[in-house]
Amino acid sequence: MESKKLVLVDGNSIAFRAFYAMYTVLEKFKSPDGLHTNAIYAFNNMLDLILSKSHPTDMLVAFDAGKVTFRNQLYDDYKGNRLKTPDEFREQLPFIKQLLAARGIKTYELENYEADDIIGTIATRANKENYQTVIVTGDRDLTQLVNDNTTVAVTIKGVTDLEFYTPQHFQEKLGITPQQLIDLKGLMGDNSDNYPGVTKVGEKTALKLLKQYGSMENLYDHVEDMKASKLKEHLIQDREQAFLSKKLATIKTDAPIDLQISELTYEGIQTEPLKQFYQKMNFQSFLKKMTTGEEDTATTAEDNIKYIELNADTVNQLVSSKQPAVVVVEMVHDNYHTAPIIGLACGNDQGIFVSDNLDILQDKSLKNWLSDAQINKSVFDFKRTYVALNRQQISLAGVDFDALLASYLLDVNENSNDLGQLAQAYGYQNLTPDNQFYGTGAKLSIPPHSELLQHLAAKVGAIQFLQNKLPLQLQEHDQDQLFDDIELPLSKVLAEMEIAGITVSRTTLEQMEQDLDQRLRDLETTIYQYAGHEFNINSPQQLSTVLFEELGLKPIKKNKRGYSTSVDVLEKLQGQSPIIAEILNYRQVAKIQSTYVLGLMNSIAPDQKVHTRYQQTLTQTGRLSSVDPNLQNIPARDEGREIRKAFVPRHADWEIFSSDYSQIELRVLAHISGDQNMQQAFAENYDIHAHTAMRIFGLDNIDQVTPDMRRQAKATNFGIVYGISDYGLSQNIGISRKQAAEFIAAYFEQYPDVKNYMDQTVQKAREEGYVETIMHRRRYLPDIHSRNYHIRSFAERTAMNTPIQGSAADIIKIAMIDMQQKLKDEHLQATMLLQVHDELIFEAPKAEIPILEQLVPKIMDSAVKLDVPLKVESAHGPNWFDAKG
DNA sequence: ATGTTCACG
DNA sequence: ACGTACGTGAACATC
């Protein structure tokens, strides 16, 4: 007999997962009549996956019928802590049912029962008729139904990443049988369904008890024999509660369902209705898949785009128009300071003009057109385009839209930095992503002439498409100012800083290299002597063998591969063996040598400068990052600081000048929380850490604060900014967790509105799905809804930290734009070279230093108006090392 | 390709 | 009951 295969889907649970899996694109997925479609889309993806994987003969999607079920009669507060489901989700449910109808899949719901019970009942009936059953759900509770004929697929991440529970897998994972799951839930309760279990019994304890006693019934039969303990008391105390919880956890297998298995036959799609449905939802990719019958191989169609080859004959047609245009400068490699340009594409009302012959860039009329500020232009990645054209002595002007910057502001997760991917995410299907078009790594190659030109033309098409979508969304997010007045102007400032570059003295580095090399040899010799043999000190694995096996030291911390040998571990081992100090020293010196001395030398350009690239569309908070090389993590403390001596001005008789914001993040916190006590401390220019110490230690006078108190208060201030936890603080300053908790409580008592800010921000993230900076920079935090404590807590700390870190980033960005303008207006030779989060670094003729000492702090102070003053400190010297106050 | 360690704010 | 400080990039070893 041919075996029958049944798929049962937990409709509400999967739909809910689908909604949050695509939460960040909520506003991008809308049907023409304004309906949100993200959950419908993701749900459909899941259906495609499960159908292609399981090939069912029969299928049913079960839904919850309403809020109240028989479980509420057993226990009033069942699911009592559930938040109201968002409207954007609820409006999609009826359409998911429509989708299922068009796909020929039965749905079912039943008054008074949950979808679980429908599934449990049908699965049980199917077992009797020799079906192979697969249950798809986001709810682990359903794994109690697992048996030899029933597999449960639980979503891990999103809705297409599934974990398949068979009896074996279940056993391996939990060490009990699927049937024991209800005993487990009875003992430990369930937070998300809001029923209690036994006090102080969690998963670990419950599993231990079940492995010993087998079932709750047997456990309670023998509970009196247990030796006296808190656990025993709790078990006895909560007996009734535990059995109630077990009952709540038990899925019905005999619900009164008037549906025969024979009615569940999967009929396959109803072509016309499904097509119409996709059209109504604007699901272009699903439509395409239907009509072409192709699988999901990026079915782009670049040849839909018409273009004209750009050459001496056609260039006049392009530049004759003053109409808005799109400009694309193509380079395959990341580093646009050095990458060869392989193509150019320009589009306007005259058509799309494309060339892979770079001689055209020497054309006078084209150059003038590109640098004409009166002609509005759109690009993807202004900074990259500007720097590349600058290498051809062309000063690109008139750019008023950058699709890369816009997409980043709309959603900081959208940082693939690829136009094709971005355009596809917004529904434009005519551009192949670059990694696919050119290949990656060893397979990277440039396709032949005509294909390349077609690809460039498609890029112009994609930018034109995005230009019609993204500005409206920026407006909806209230991000016009952030885009027009901050990110786009900043992009040019950064380009100029990168092009300027900072001079690095090769001879200084070579000298350091010699010295460090000798020291490394000496340290190696000593370490080998202590160890008794040679080994690779850089290998954590080999080092841990030497320390923890051969020398018999006690491991402190584990990591995935074995025992940790990180600094904090080694510091705790100090004194137990003389080898430790030598290793710590070796690590430090080796780091300086390999990353900074040798690494930096490798990135010095022929002009003796290093030209970093600032990533403007990468971080989740709005900060910049710096790559190739990273000039934002040059050592600033201890011995490594010496490296800064190699960073020098480009002319003799010039100096390096540096200004930094003092405690900008705490000042931002004082501002946005509105906390009067903290604001007053800044208004009076108190030593903020000492002042905090005085408050949390309950002292009357700041003179009573000891250095150690100040140190602890300082760490607490930092902790607050990071979204504090008692554990984190205790680790950082080496106190007990309880003490740390007391610190935090005292802190919040002294700064009550800081506490309010933290609570409100987390609440806002839950309600709106995102948090914002003072300039409306936005970060979505879908994990704030996670059922996983760890993931959720992380999102909560992020919610607290991001507005603080991100607003500080906003402020220095404004200061940079103002500063660059001021340098120009005042005709100063001084050049802004680097930004290190709260610090700006310049080079300038000595004669201009007194001017900068006035000007830079003034501009930085007045970048924004906060309820607390900003404070800027400056220093200067013959190199970066000496330009430190 | 991924994890560990360590440099910065 | 559980396991964490927030944001980055580079070198190196190991998979």
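Per chain, numbering begins at 1; letters A, B, ... match sequence-line order. Side-chain atoms are counted along with the backbone in the values below, which use heavy atoms only and exclude waters and symmetry mates.
The nucleotide whose nearest atom lies closest to any side-chain atom of A/K204 is, among C/dG3, C/dC2, C/dC6, C/dC2.
No option in A/R519, A/M512, A/E513, A/Q588 other than A/E513 meets the side chain to side chain contact (heavy atoms under 4.5 Å, CB included) test with A/Q593.
Identified under the salt bridge (Lys or Arg N to Asp or Glu O under 4.0 Å) test for residues 729-742 of chain A, with sequence neighbours left out: A/D726-A/R737. Sorted by first then second residue, the salt bridge (Lys or Arg N to Asp or Glu O under 4.0 Å) pairs that include residues 583-601 of chain A, not counting sequence neighbours, number zero. Annotation: salt bridge (Lys or Arg N to Asp or Glu O under 4.0 Å) contacts involving residues 615-633 of chain A, sequence neighbours excluded, comprise A/R613-A/D628, A/R623-A/E665. Screening residues 797-810 of chain A for salt bridge (Lys or Arg N to Asp or Glu O under 4.0 Å) gives A/R777-A/D810 as the qualifying pairs, with residues at least two apart or on separate chains.
Contacts of A/S725 with the nucleic acid, taken as non-hydrogen atoms under 4.0 Å apart, include base atoms. Within 4.0 Å (heavy atoms only), A/N732 reaches at least one base atom of the nucleic acid. Residue-level contact check: A/G723 touches neither bases nor backbone, having no heavy atom under 4.0 Å from any strand. Within the 4.0 angstrom heavy-atom criterion, base atoms lie near A/A715. Counting any heavy atom pair closer than 4.0 Å across all strands shown, A/Q620 reaches sugar-phosphate atoms only and no base atom. Residue-level contact check: A/L624 touches neither bases nor backbone, having no heavy atom under 4.0 Å from any strand. Base contact: A/Y727 has a heavy atom under 4.0 Å from a base atom.
With hydrogens and angles left out, the side chain of A/S625 and the base of C/dT8 share no donor-acceptor pair within 3.5 Å. With hydrogens and angles ignored, a donor-acceptor pair closer than 3.5 Å exists between the side chain of A/Y789 and the base of C/dG3. No donor-acceptor contact under 3.5 Å links the side chain of A/R587 to the base of B/dT5. With hydrogens and angles ignored, a donor-acceptor pair closer than 3.5 Å exists between the side chain of A/R737 and the base of C/dG3.
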Annotated protein contacts, base or backbone, on nucleotides 10-15 of chain C with a non-hydrogen cut-off under 4.0 Å, one of B, S, - each | BSSSSS
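Straight-line distance from the CG atom of A/L598 to the C1' atom of B/dA7: 15 Å, rounded to whole Å. The distance between atom OH of A/Y614 and atom P of C/dT8, rounded to the nearest whole Å, is 17 Å. Straight-line distance from the CD1 atom of A/I592 to the C1' atom of B/dC8: 14 Å, rounded to whole Å. Taking atom NZ of residue A/K230 and atom C1' of nucleotide C/dA1, one finds them 18 Å apart after rounding to whole Å. Computed from coordinates, the A/L631 CG to B/dG9 P distance equals 13 Å when rounded to whole Å. Here C/dC6 presents its C1' atom at 12 Å from NE2 of A/H837, a figure rounded to the nearest Å.
Nearest-nucleotide positions on DNA chain C place A/G202 closer to the 5' end than the other of A/G202 and A/I720.
Residues passing the ring pair (Phe, Tyr, Trp, His ring centres under 6.0 Å) test with A/Y596: none are found, sequence neighbours excluded. Applying the ring pair (Phe, Tyr, Trp, His ring centres under 6.0 Å) rule to A/F647 yields the partners A/W880; only residues at least two apart in sequence or on another chain are considered. Not counting sequence neighbours, A/Y213 has no partner by the ring pair (Phe, Tyr, Trp, His ring centres under 6.0 Å) test. A/Y722 pairs by the ring pair (Phe, Tyr, Trp, His ring centres under 6.0 Å) definition with nothing, not counting sequence neighbours.
The existence of a salt bridge linking A/K755 and A/D675 is excluded, since no basic side-chain nitrogen approaches an acidic carboxylate oxygen closer than 4.0 Å. Between A/R521 and A/E524 there is no salt bridge, since none of the side-chain N atoms of the basic residue sits less than 4.0 Å from a carboxylate O of the acidic one. A salt bridge links A/E163 to A/K173: one of the charged nitrogens lies within less than 4.0 Å of a carboxylate oxygen. The existence of a salt bridge linking A/R710 and A/D687 is confirmed by a sub-4.0 Å separation between a basic side-chain nitrogen and an acidic carboxylate oxygen.
Note: A/Y770 and A/Y780 have perpendicular aromatic rings, judged against thresholds of 30 and 60 degrees for the angle between ring planes.
Of the side-chain N and O atoms in A/R797, one or more sit less than 4.0 angstrom from OP1 or OP2 of C/dC6.
Within the 3.5 Å criterion, the main-chain N or O of A/T716 finds no donor-acceptor partner in the side chain of A/Y747.
For the segment residues 562-571 of chain A, residues with any heavy atom less than 4.0 angstrom from an atom of DNA chain B are, sorted by number, A/S564, A/T565, A/S566, A/V567. Only A/N801, A/Q805, listed by number, bring a heavy atom of residues 800-815 of chain A to less than 4.0 angstrom from any atom of DNA chain C.
Side-chain polar atoms of A/Y751 and A/T692 form a donor-acceptor pair below 3.5 angstrom.
C/dT4 sits 22 Å from B/dA7 when the P atoms are compared, rounded to a whole Å. If you take atom P in B/dC6 and the same atom in C/dA5, they sit 15 Å apart, rounded to whole Å.
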So what's the dot-bracket for DNA chain C: Watson-Crick or G-U pairs under 3.5 Å, [ ] if a pair crosses, | if it pairs off-strand?
-> .....|||||||||.
